Protein chains: 2
Amino acid sequence: MSTLVAPTPEAGSKPAQILEAAGKLFLDHGYGAVSMDAIAKTANVSKATLYAHFGSKDELFRAMVARECKGQTMAAVCEEARTLEMAEGLRLVARHFVTLILSPQALAGYRVVVGEAHRFPELASAFYDAGPARTMEQVTAFMVDLDRRGLLAIPDPQLAAEQFVGLIKSHTHLRFLLCLSERPTEEQLTRVVDGAVSLIIRGYAP
Amino acid sequence: MSTLVAPTPEAGSKPAQILEAAGKLFLDHGYGAVSMDAIAKTANVSKATLYAHFGSKDELFRAMVARECKGQTMAAVCEEARTLEMAEGLRLVARHFVTLILSPQALAGYRVVVGEAHRFPELASAFYDAGPARTMEQVTAFMVDLDRRGLLAIPDPQLAAEQFVGLIKSHTHLRFLLCLSERPTEEQLTRVVDGAVSLIIRGYAP
DNA sequence: GTCTATATACAGATAGAC
DNA sequence: GTCTATCTGTATATAGAC
């Protein structure tokens, strides 16, 4: 399993500038549509310098994805949710999750990784491990906790976790992926979140 | 709204050969990774002929997506499902839907359209109208029917339809999009379908 | 309509000076 | 380590013969 843990270059250094430029461009326009020239230009760096730090376009792309994967976690929220009343805890998790996946960065990352999954299968795999897989683990653990406390009756916590995130992504995520909507309205968010929470509670009531 | 209704060339003709080759290659490797040379070669046609029928790579790409969008509909199944017992009807719809979205063609199309959504926003929009939007309409109509017959109590049929498809896509769809799995096992399908159906039934029980 | 051959541009990657 | 200048392949698109 190829990890996505790349050594973070110190802020302000040339590699950091390059990674930042690469992130902006790749995420906005996709892998194929961005040239190394454009990245060098955006980073205020010569192309030779670029190649001195990243051996190829592939390598730079991988490093960029690794960088973007960091800091997108549900761990803290799932911990906090355990201390709340059930419906409130579920709503907190759902709310955090929907905000995360509809953020412009997450959407752009999703687009580019999905679009290049055929060409970079190991990258897709590493992205999955670093992002969605960890999220699923954390949400599953939350479901196990609800079951243990007797608040819900969940025979298959992993299935329940998958259903929960499926309910939240629902149809909305696709609409945003396809650039049909720009920003979620407060109303949209509430509708999806409340719908998912109440369906899970009614469906898994003890 | 740009429709995706392109005149279908007669089978066996040069345009048909070209579209078929373009479909194969674009869907397998993505827009950026496929050259017009490769398409011409695969179609057993010269590049000049190719340009005689399709003015540019963009145009060919659009025509290909239009072609691939045809024939993927849920209409017939949703009709049939109305004649069945509730759980069986839901299961039929779910089963058909999951089979549809996990088919290699649908996955490949999804990947390429999502990956290029930034560059071809109107195409993404047309794809949405031709595929997902129509599916949602049909599933929503099915939900309305279940409510009218008093089998379920569904105050917001559109939300329920979105939840139903969300439950079915769940986490599985992402795993397939990222090329982490090749073919769904019978067990996977049953698990997702039964889980979605029973959650909807319990959640919307009158 | 279809082909061979080519124009033109730009991509990724490198050589060599500083 | 960083730059300017360049090599080399290949991409899209077209000209002109048949």
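In this text, all values refer to a predicted model and were calculated from it rather than measured experimentally. Proteins get letters first, then strands, A, B, ... in listed order; numbering begins at 1 in each.
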Rounded distance (Å) that lies between atom P of dG9(D) and atom NZ of K57(A): 19 Å

When rounded to whole Å, the CG to P distance for the pair D37(B) and dT14(D) reads 14 Å

Parallel under 30°, tilted from 30 to 60°, perpendicular over 60°: which one fits the rings of H118(B) and H29(A)? tilted

Contact class for S46(A) vs. all strands (heavy atom < 4.0 Å): base, sugar-phosphate, or nothing? base

How many Å lie between CZ on F54(B) and P on dT12(D), as a whole number? 15 Å

Is there a side-chain contact between Y51(A) and the phosphate of dA13(C), meaning an N or O under 4.0 Å from OP1 or OP2? yes

Side-chain N,O (T49(B)) to OP1/OP2 (dT2(C)) below 4.0 Å: no

Given atom CE of M36(B) and atom P of dT8(C), what is their separation to the nearest angstrom? 20 Å

What is the distance, rounded to the nearest whole Å, between atom NZ of K41(A) and atom P of dT4(D)? 12 Å

Return yes if the base of dG12(C) and the side-chain atoms of K47(A) contain a donor-acceptor N/O pair under 3.5 Å, otherwise no. yes

Salt bridge E186(A)-R95(A), side-chain N to carboxylate O under 4.0 Å: yes

Assuming nearest nucleotide by heavy-atom distance, tell me which of G32(A) and A48(A) is located more 5' along DNA chain C. G32(A)

Identify whether NZ of Lys or CZ of Arg in K57(A) sits under 6.0 Å from the centre of the six-membered ring of Y31(A) and within 45° of that ring's axis. yes

Of the nucleotides dA13(D), dT2(D), dT2(C), which has the atom closest to the H53(B) side chain? dT2(C)

Basic-acidic side-chain contact under 4.0 Å: D37(A), K41(A): no

